[in-house]
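This report refers to the structure that appears directly beneath it.
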Amino acid sequence: MKSFDRTYFDKWYRDPVHKVGTDDDLARQVRLAVAAAEYMLMRPIETVLDAGAGEGRWQPLIKKFRPNASYVGVDPSDYTTSTFGKSRNLVKGTFDDLDKLFPKQKFDLVVCCSVLNYLPPKDFKRALAQLARRTAGLAFIEIFSSEDSVVGDTNNWYTEASKTYKKWMKKAGYIHCGLHCYIIEELESNTAALETAR
């Protein structure tokens, strides 16, 4: 079983030899997700859920770009939630805990980065359904297929063909609108034909 302890995060987020992505890369990613969600909702985002949040690296950037938006991160790691829980509003939990943590709440922006590929297919599909139930606007969900060349931690890594992921996303109720961005079916009527991959 993969251990998401301090050693793991030091290696993949801070070690100059293994670190994947820069702080600037992360800031661009956050700006993209926020802009896409606000474009689809036609208003500023107010709520953000980060599932599999790790150290909650999105939180300071959400606070910087949208000071009035609330952010909550969910992560199963004892290290991340004890170290960053208070300062970055992280709570301990898994995808299966989302119904208990947020029984009725939906979020303008749902984030799930570098997480789902660590789940076997059955768990992956269950996690997608959980994310979709929490999404009121747009979800930024990072998924890599078997056609992709991936740099980083690929230990206990699962991949399927892109057509398989597209089928699973559709079954969960998501519509792809480009660059890891997905909207829920209820927003489809607000989009032009070429804005989404119908």
Side-chain angles (χ1 to χ4, degrees), residues 1-5 8-9 12-13 26 29-30 33 36-37 45 47-59 62 69-85 88-146 148 150 152-160 162 164-177 180-187:
M1 178 114 179
K2 189 182 289 289
S3 177
F4 295 100
D5 56 9
Y8 177 90
F9 287 95
W12 294 108
Y13 289 82
L26 178 63
Q29 190 178 53
V30 174
I45 60 167
T47 54
V48 179
L49 169 65
D50 191 350
E55 295 180 341
R57 296 169 70 224
W58 279 58
Q59 187 273 339
I62 293 292
S70 67
Y71 168 98
V72 61
V74 178
D75 198 83
S77 165
D78 289 326
Y79 157 69
T80 61
T81 53
S82 63
T83 306
F84 299 98
R88 295 184 178 175
N89 200 28
L90 303 183
V91 296
K92 188 172 180 184
T94 67
F95 291 106
D96 290 331
D97 294 320
L98 293 179
D99 280 335
K100 179 177 64 179
L101 291 169
F102 312 106
K104 295 182 179 179
Q105 187 175 3
K106 294 192 175 189
F107 298 82
D108 293 336
L109 173 61
V110 170
V111 178
C112 186
C113 289
S114 302
V115 177
L116 291 178
N117 283 109
Y118 295 112
L119 302 179
K122 183 179 178 181
D123 296 336
F124 184 111
K125 289 184 271 189
R126 195 169 69 246
L128 269 186
Q130 284 282 13
L131 294 174
R133 284 199 288 276
R134 308 277 96 71
T135 306
L138 181 129
F140 187 87
I141 303 176
E142 209 173 44
I143 303 169
F144 297 97
S145 75
S146 56
D148 297 318
V150 177
D153 176 23
T154 55
N155 187 28
N156 298 323
W157 182 261
Y158 297 86
T159 58
E160 303 286 343
S162 58
T164 299
Y165 287 133
K166 289 175 184 176
K167 181 173 69 176
W168 293 353
M169 297 301 283
K170 184 176 181 181
K171 186 171 183 181
Y174 278 126
I175 299 168
H176 189 220
C177 52
H180 295 302
C181 296
Y182 299 85
I183 57 168
I184 54 171
E185 291 173 338
E186 290 87 335
L187 288 182

**Derivation and outcome, side-chain contact (heavy atoms from CB on, under 4.5 Å), residues Trp58 and Leu26** = CA-CA 8 Å; Trp58 279 58; Leu26 178 63; 3.6 Å; yes

**Prompt:** What is the distance from atom CG of Leu116 to atom OH of Tyr165, rounded to the nearest 0.5 Å?
**Reply:** 8.5 Å

Could you check whether any side-chain heavy atom of [X] comes within less than 4.5 Å of a side-chain heavy atom of [Y], counting everything from C-beta outward?
| X | Y | answer |
| --- | --- | --- |
| Lys92 | Ser77 | no |
| Glu55 | Thr83 | no |
| Val111 | Val48 | yes |
| Phe140 | Val110 | no |
| Gln29 | Glu142 | yes |
| Phe95 | Val74 | no |
| Tyr158 | Phe124 | no |
| Ser70 | Ile62 | no |

**Asked** Does the side chain of Asp75 come under 3.5 Å of the side chain of Thr81 through a donor N or O and an acceptor N or O?
**Response** no

Can you name the residues that form a salt bridge (charged side-chain N to carboxylate O under 4.0 Å, His left out) with [X], not counting sequence neighbours?
| X | value |
| --- | --- |
| Asp99 | Arg133, Arg134 |
| Arg88 | none |
| Glu160 | none |

**Item:** Residues forming a ring pair (Phe, Tyr, Trp, His ring centres under 6.0 Å) with Phe102, sequence neighbours excluded
**Value:** Phe107

**Request:** Kindly assign one of parallel, tilted or perpendicular to the pair Phe4 and Phe9, based on the angle between their ring planes and the thresholds 30° and 60°.
**Result:** tilted

Compare every heavy atom of [Y] with every heavy atom of [X], then report the nearest pair and how far apart it is.
| X | Y | answer |
| --- | --- | --- |
| Leu119 | Ala127 | CD1-CB, 3.8 Å |
| Tyr79 | Asp5 | CD2-C, 3.8 Å |
| Ala136 | Leu187 | O-CD1, 4.1 Å |
| Leu138 | Cys181 | CD1-CB, 3.9 Å |
| Ser162 | Ser145 | N-CB, 3.7 Å |
| Gly73 | Ala53 | CA-CB, 3.8 Å |

**Item:** Under 3.5 Å: donor-acceptor pair, side chain of Asp148, backbone of Val150
**Value:** no

**Asked** Under 3.5 Å, is there a donor-acceptor pair between the side chain of Asp97 and the main chain of Thr94?
**Response** yes

Kindly list each side-chain donor-acceptor pair under 3.5 angstrom involving residues 167-175, sequence neighbours excluded, with atom names and distances?
from: Tyr174; atom 1: OH; to: Leu131; atom 2: O; distance (Å): 3.1
from: Tyr174; atom 1: OH; to: Ala132; atom 2: N; distance (Å): 3.2
from: Tyr174; atom 1: OH; to: Thr135; atom 2: OG1; distance (Å): 2.7

**Derivation of the side-chain contact (heavy atoms from CB on, under 4.5 Å) call for Ile141 and Leu128** = CA-CA 9 Å; Ile141 303 176; Leu128 269 186; 4.3 Å; yes

**Item:** side-chain contact (heavy atoms from CB on, under 4.5 Å), paired with Thr159, selected from Thr164, Asn117, Thr154, Ile143
**Value:** Asn117

**Prompt:** Below 4.0 angstrom, N of the basic side chain to O of the carboxylate: do Arg126 and Asp96 qualify?
**Reply:** yes

**Request:** Let me see the working for Trp157 and Tyr118 under side-chain contact (heavy atoms from CB on, under 4.5 Å), right down to the final yes or no.
**Result:** CA-CA 5 Å; Trp157 182 261; Tyr118 295 112; 3.5 Å; yes

**Request:** Only pairs at least two apart or in different chains count here, so list each salt bridge (Lys or Arg N to Asp or Glu O under 4.0 Å) that has a residue in residues 102-118.
**Result:** Arg43-Asp108

**Request:** Please assess Tyr13 against Tyr8 for the test ring-ring contact (aromatic ring centres under 6.0 Å, His included), listing each intermediate value before the final yes or no.
**Result:** CA-CA 8 Å; Tyr13 289 82; Tyr8 177 90; 7.0 Å; no

